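The structure appears right after this line, and notes come after that.
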Number of protein chains: 2
Amino acid sequence: MTELKYIAVRNFLKEQIQQGTFGVGDFLPSENELCRKFSITRTTARKALDELLKEGFIEKKHGKGSCVIERRKSLGLLTVKGFSEAVGKNVKTIFIQKPTLQKLNSSIITALKDEDKKSDYWFFERLRCVGETPVMIEKNWFSNISLPKFKDVSFIDNSFFKTLSQKYFIEIIGSSQELRAEFANKEVAKILQIEIHSPILHISVQFKTSVSNLTIYSELYCNTKKFPIGNNYYI
Amino acid sequence: MTELKYIAVRNFLKEQIQQGTFGVGDFLPSENELCRKFSITRTTARKALDELLKEGFIEKKHGKGSCVIERRKSLGLLTVKGFSEAVGKNVKTIFIQKPTLQKLNSSIITALKDEDKKSDYWFFERLRCVGETPVMIEKNWFSNISLPKFKDVSFIDNSFFKTLSQKYFIEIIGSSQELRAEFANKEVAKILQIEIHSPILHISVQFKTSVSNLTIYSELYCNTKKFPIGNNYYI
DNA sequence: AAATTTAACTTGTACGTACAAGCTGTTGGC
DNA sequence: GCCAACAGCTTGTACGTACAAGTTAAATTT
């Protein structure tokens with residue numbers, strides 16, 4: 001199973017960007033240069049660049065070239081920035097449940113897309129603390145179909161998304177969220193070390209990725225009393 | 001100036017979708033059919049469909065066709081677009097306080113930027129209801145300096161942002177937010193018609209605008225029990 | 001009747017070509 | 001020196017072709 005050409009070129013360029021060979025503001029090799037370097041046609045070169053475009057790595061300028069841009073990290077709420085950047089410093093992460101392959105949990109079944117209902121899914125659960133204070137419970141799951149090689153990898157910088165990007169070349173390209181203020185139930189209250197029936201922020205997220213049939217589902221339970229959840233968006 | 005072919009095809013299909021000729025779940029004409037109908041090549045037909053794909057109108061299924069999907073509204077409530085678009089239709093808006101020029105309210109002073117502390121500010125407060133159910137209290141204020149001509153205008157489509165854009169040519173170019181789950185206090189509980197100490201979602205927003213010294217501050221108090229707050233973001 | 005093969009569709013990838021249109025530095029002419 | 005024209009790059013649009021691969025239903029075999 002040999003890799004598709006445009007995927008290979010995309011991955012090559014993405015690595016170069018992530019390693020800093022091409023920094024923000026730099027121009028990538030032109031389409032014709034890519035053609036020569038990889039022995040491909042311009043159609044294929046353009047397709048590779050289109051991938052980087054829709055993943056938010058570059059912008060194309062007519063008559064000039066493809067320019068590396070600051071990847072938009074502040075997607076929606078808590079998204080790609082990840083917890084550490086959203087809340088600030090001094091964050092500890094504790095695995096409540098390391099990644100395991102499981103059957104469906106009926107409590108989340110309604111949120112799942114149809115194609116994800118058929119397969120097993122990877123699940124992991126973490127507790128995020130600021131200093132010694134537990135602040136957020138994070139449950140994540142995703143179908144086994146699109147990522148069968150996924151293993152209990154050690155996450156790069158404790159970031160699942162960074163790991164996805166750098167080990168699997170999968171990018172988050174969007175998110176859909178629902179926010180609710182709720183009373184903490186017994187389980188959540190215990191883990192977050194708060195009174196039962198304290199108000200907590202419950203966030204349900206679906207992350208759309210650059211792999212069309214991979215959707216990542218997260219359920220977040222946040223104690224916002226000391227540490228409100230932050231979010232920035234700029235065009 | 002004649003329209004580009006793939007744009008023309010895209011627009012044709014988009015209109016058909018918006019008018020309901022193709023509903024959610026329907027398949028658009030195949031690429032080859034589009035070629036015949038519009039006298040174009042498959043490259044061009046695919047480009048038109050790619051546009052619809054990245055605008056969120058369709059999804060493509062290998063071997064089957066292009067399927068119309070529920071359109072995702074990019075940038076939901078918490079970002080730029082405003083309440084009506086985020087929650088859907090059937091939204092009523094009641095002014096609790098029409099726009100008035102006021103002195104600073106100390107309760108919000110901490111959130112204000114320094115340059116805004118010196119001036120008077122416009123303030124207005126609204127209650128958003130879905131059907132007959134009050135769902136969100138919205139308090140807005142902004143400095144009088146940048147918008148001295150602001151008056152008690154009737155908002156276009158009940159949208160403050162649309163009014164800003166169309167009457168003053170001011171665009172929202174970013175936002176910074178803080179989210180908290182809190183107990184409803186007496187005042188909020190009364191307006192939202194809920195029990196005191198119910199959990200509510202409190203969102204503090206600063207909107208950055210295309211006018212450099214105009215920042216809009218909002219405090220939102222949401223009853224998320226029936227209507228969770230939604231938010232979508234796609235690159 | 002049931003299982004398998006086949007044919008006819010669909011989209012996906014990749015090849016190659018041509019010209020339009022935007023950007024930039026060089027080259028002439030004034 | 002200044003400005004216009006040009007040449008040589010860039011990306012954008014659009015043409016055409018070929019085959020791979022997924023889907024489905026009809027035809028064939030078992």
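Every chain is numbered from 1 and lettered A, B, ... according to where its sequence line falls, protein lines coming before strand lines. Predicted model only: the values in this text are computed from it and were never measured.
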With a 4.0 Å cut-off on N to O distance, would you call [X] and [Y] a salt bridge?
X	Y	value
A:E171	A:K14	yes
A:E182	B:K225	no
A:R10	A:E51	yes

Contact under 4.0 Å: [X] side-chain N or O vs [N] OP1/OP2:
X	N	result
A:K47	C:dG12	no
B:Y6	D:dA14	no
A:K60	D:dG12	yes

Could you give the [atom1]-to-[atom2] distance, from [X] to [N], as a whole number of Å?
X	N	atom1	atom2	answer
B:E31	D:dG22	CD	C1'	13 Å
B:K5	C:dA20	NZ	P	14 Å
B:L34	C:dT10	CG	C1'	13 Å
B:E59	C:dG12	CD	P	11 Å
B:L28	C:dT11	CG	C1'	13 Å
A:L4	C:dC15	CG	C1'	15 Å
A:N32	C:dG16	CG	C1'	13 Å
B:L49	C:dT10	CG	P	13 Å

Open item on the list: Given 3.5 Å as the limit, does a donor-acceptor pair link the side chain of B:N11 with the main chain of B:A8, or not?
Closed with: no
Open item on the list: Determine whether a donor-acceptor pair (N or O, by modelled atom type, separation under 3.5 Å) exists between the side chain of B:T224 and the backbone of B:F227.
Closed with: no
Task: Partners meeting side chain to side chain donor-acceptor pair (under 3.5 Å) with A:R42 (sequence neighbours left out) - done: A:E31
- [ ] Measure the shortest side-chain to side-chain distance between A:L34 and A:L13 over non-hydrogen atoms and say whether it is less than 4.5 angstrom.
- [x] yes
Open item on the list: Can you confirm whether B:Y217 sits close enough to B:V205 that some side-chain heavy atom of one is under 4.5 Å from a side-chain heavy atom of the other?
Closed with: no
Task: Contact residues, residues 36-46 of chain B to DNA chain C [heavy atom, < 4.0 Å] - done: B:R42, B:R46
Each nucleotide N or O in nucleotides 22-26 of chain C that has a protein N or O under 3.5 Å away: list the pair and distance.
from	atom 1	to	atom 2	distance (Å)
C:dG22	N2	A:G63	O	3.0
C:dT24	OP1	A:K64	NZ	3.3

- [ ] Determine whether the aromatic ring centres of A:F161 and A:F207 lie less than 6.0 Å apart.
- [x] yes
